[in-house]
Amino acid sequence: MDEDWKPLFASIQAGEYYSDPVDSLDPRQRRPFHVEPKNIVEDSAQERVSSEASALNSRVHYYGRLTASSDRLLVPPDHVIPSPEDIYIYSPLGTAFKVHGKDGAVKNPSIVTIFAIWNTMMGTSILSIPWGIKQAGFTLGIIIVILMGLLTLYCCYRVLKSTKSIPYIDTSDWEFPDVCKYYFGAFGQWSSLLFSLVSLIGAMVVYWVLMSNFLFNTGKFIYNYVHNVNMSDSEFGTNGTDRVVCPYPDLNPHRNSSLDQYSSSSDNSTAVFDHWWSKTNTIPFYLIILLLPLLNFRSASFFARFTFLGTISVIYLITLVTIKAVRLGFHLEFHWFHSTEFFVPEFRLLFPQLTGVLTLAFFIHNCVITLMKNNKNQENNVRDLSLAYLLVGLTYLYVGVLIFAAFPSPPLSKECLEPNFLDNFPSSDIWVFVARTFLLFQMTTVYPLLGYLVRVQLMSQLFGDHYPSFLHVFMLNVVIVASGVLMAKFYPNIGSIIRYSGATCGLALVFVFPSLIHMVALKRRGELRWPSACFHSFLILLGVANVLGQFFM
């Protein structure tokens with residue numbers, strides 16, 4: 001008897017469309033009554049509606065009462081719902097009020113969206129691109145940057161379109177982990193969360209290593225300037241106006257013995273300073289005093305105000321690279337498969353190290369849906385995303401090619417290029433000192449933001465609250481900080497950290513999940529064909545090979 005009142009058709013859960021319509025302008029989430037413009041009698045603050053529109057309103061409400069409150073079968077489908085700017089709320093007094101909500105006020109033009117994606121993608125990976133090109137070879141490195149940009153762009157496009165492939169459900173507020181959960185259940189939800197955390201924590205570890213590096217060199221510059229210490233004899237490198245150094249001169253068989261001579265002639269005060277101001281032994285621990293308290297802030301809104309520093313830092317780096325390249329000139333010799341005394345071959349078997357770095361360098365897949373929601377012209381999303389990737393790829397190529405080509409060879413070998421190309425310039429270089437200081441301040445403000453994202457994603461899933469208690473948050477932050485300190489002390493190679501974390505998180509969020517979701521969606525619609533299945537399966541194999549290549553190459 002209890003089932004007699006239930007509708008004969010299955011219900012479709014699509015959200016509460018009639019509750020509090022003013023709160024949202026999303027026509028698929030909350031649906032206020034729509035009045036066709038031709039039915040508006042006069043254009044005034046309280047626009048009168050015709051009797052025809054009033055009758056239509058009554059009819060829609062009547063259909064809504066034919067089903068239970070949780071059933072939405074007779075609700076007008078999405079494709080007939082008007083855009084937010086054409087939505088009116090019907091009043092029983094015979095007036096229609098046009099809705100003006102805050103969603104429409106935050107929409108960005110295409111140029112803003114493009115540079116927002118560019119700014120988000122431009123991170124610490126840019127410092128390792130010249131090293132990655134060196135590991136792959138100059139010619140092969142350029143080819144790989146272009147191919148990886150195209151592959152990651154396509155996979156990002158698949159992520160952007162993934163929410164559109166889900167029928168009968170309102171996905172306007174969904175992110176990519178929600179899509180993974182829809183297709184793969186709890187496994188998709190937790191695995192996407194895991195790999196997202198890998199990318200975020202990996203970035204935080206890289207930041208800690210770089211901040212230790214920048215703080216060390218900044219302190220070294222100030223100490224040497226105050227005490228009038230000349231470090232030119234203690235560093236193996238060129239002696240030109242724009243000095244370039246090789247931090248590990250044992251790579252060069254023709255190194256001189258000035259480094260050994262300097263170590264025996266250092267005075268006692270310098271030795272004491274070097275003991276307490278060590279890049280790996282002391283600096284990583286000094287940063288705990290500054291950054292651990294910042295991570296425990298309940299809100300990261302204060303640090304979000306400094307995100308513009310990232311754009312300024314990248315612009316300054318591009319300027320720095322241009323000036324150094326002009327002053328140093330180009331030093332290139334093309335040896336296709338064999339290395340020489342000063343030059344590396346054009347094609348090297350170590351190229352997977354560059355693909356690992358580029359996977360993280362082009363990684364924006366976990367937030368591209370959010371960024372593109374704010375685009376004013378949604379029909380231009382694919383074009384704007386492509387232009388943003390083109391801009392990012394050109395930036396990486398510009399920095400990587402110029403630094404690699406300008407590195408002095410001879411007298412230094414190209415093998416001296418460091419995973420952080422700023423390490424190839426001495427601490428006494430004023431241009432590089434400014435870059436390091438600027439990056440140090442910028443990373444100090446971004447690091448708490450990354451920690452906040454880790455906390456929100458993890459704590460929300462585990463406890464349903466992004467700040468369950470101070471103890472929970474403090475213990476999580478201690479683990480994150482400890483991982484950064486250990487890596488900065490025992491393995492301060494940002495190139496390897498970036499490529500391992502990039503290949504790992506990219507396996508799931510760049511290659512596997514976007515391809516699998518697209519194939520499953522096509523199969524459910526009966527549209528999956530063998531060329532598409534082969535191509536997307538090949539993408540998955542590339543992701544697996546990218547991870548394996550980090551361990552065997």
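As the structure is a prediction and not an experimental result, all values here were calculated from the model.
Ring-plane geometry between Tyr500 and Phe551 is classed as tilted, the angle between the planes lying from 30 to 60 degrees on a 0 to 90 degree scale.
A cation-pi arrangement, defined by a distance under 6.0 Å to the six-membered ring centre and an angle within 45 degrees of its axis, is present between Arg298 and Tyr467. Judged by a 6.0 Å distance limit and a 45° cone about the ring axis, Lys414 is positioned over the six-membered ring of Phe404.
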Quick one: do Thr444 and Tyr207 satisfy side-chain contact (heavy atoms from CB on, under 4.5 Å)? Show the steps, please. CA-CA 9 Å; Thr444 303; Tyr207 270 45; over 6 Å; no
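For His335 and Phe337, the ring centers sit 6.0 Å or farther from each other. The ring of Phe535 has its center closer than 6.0 angstrom to the ring center of Tyr154. Residues Tyr396 and Phe362 place their aromatic rings such that the two centres sit under 6.0 Å apart.
Within 6.0 Å of the CG atom in Leu349, the count of heavy atoms belonging to other residues, nucleotides or ligands does not exceed 12. Within a 6.0 Å sphere centred on OH of Tyr491, heavy atoms belonging to other residues, nucleotides or ligands number more than 12.
Salt-bridge annotation for Glu346 and Lys134: absent, with no side-chain N of the basic residue lying under 4.0 Å from a carboxylate O of the acidic one.
Donor-acceptor pairing under 3.5 Å is recorded for the side chains of Glu175 and Thr370. No hydrogens or angles considered: a donor-acceptor pair under 3.5 Å links the side chains of Ser469 and His472. A donor and an acceptor atom, one from each side chain of Tyr398 and Thr322, are located under 3.5 Å apart. Side-chain contact, Ser128 with Arg499: no donor N or O sits under 3.5 Å from an acceptor N or O. Asn375 and Asn380 form no side-chain donor-acceptor contact under 3.5 Å, judged by distance and modelled atom types alone. Residues Thr359 and Asn546 bring a donor and an acceptor atom of their side chains to less than 3.5 Å of each other. Between the side chains of Arg158 and His518, at least one donor N or O lies within less than 3.5 Å of an accepting N or O.
In terms of modelled atom types and a separation under 3.5 Å, the side chain of Asn377 and the main chain of Glu379 share no donor-acceptor contact. Between the side chain of Thr340 and the backbone N or O of Phe343, at least one donor-acceptor pair lies under 3.5 Å. His331 places a side-chain N or O within donor-acceptor distance of the main-chain N or O of Leu328, the cut-off being under 3.5 Å. With hydrogens and angles disregarded, a donor-acceptor distance shorter than 3.5 Å links the side chain of Arg436 to the backbone of Leu422. Of the possible donor and acceptor atoms, one in the side chain of Thr445 sits under 3.5 Å from a partner among the backbone N and O of Gln442. No donor-acceptor distance shorter than 3.5 angstrom exists from the side chain of Asn213 to the backbone of Val209, with no hydrogens or angles considered. Here the side chain of Asn477 pairs a donor or acceptor atom with the backbone of Val473 at under 3.5 angstrom. With hydrogens and angles ignored, the 3.5 Å screen pairs a side-chain donor or acceptor of Thr171 with a backbone N or O of Thr163. Here the side chain of Asp423 pairs no donor or acceptor atom with the backbone of Pro247 at under 3.5 angstrom. Proximity of a side-chain donor or acceptor of Asp384 to a complementary backbone N or O of Ile114 within less than 3.5 Å is not detected.
Side-chain contact between Phe407 and Phe421 is absent, with no heavy atoms from C-beta onward closer than 4.5 Å. A heavy-atom distance below 4.5 Å is not found between the side chains of Lys181 and Phe187.
Of all heavy-atom pairs between Ser165 and Arg525, the closest is CB-NH1, 4.0 Å.
A ring-ring contact (aromatic ring centres under 6.0 Å, His included) with Tyr447 is found for one member of Phe441, Trp208, Phe297, Tyr452 and no other, namely Trp208.
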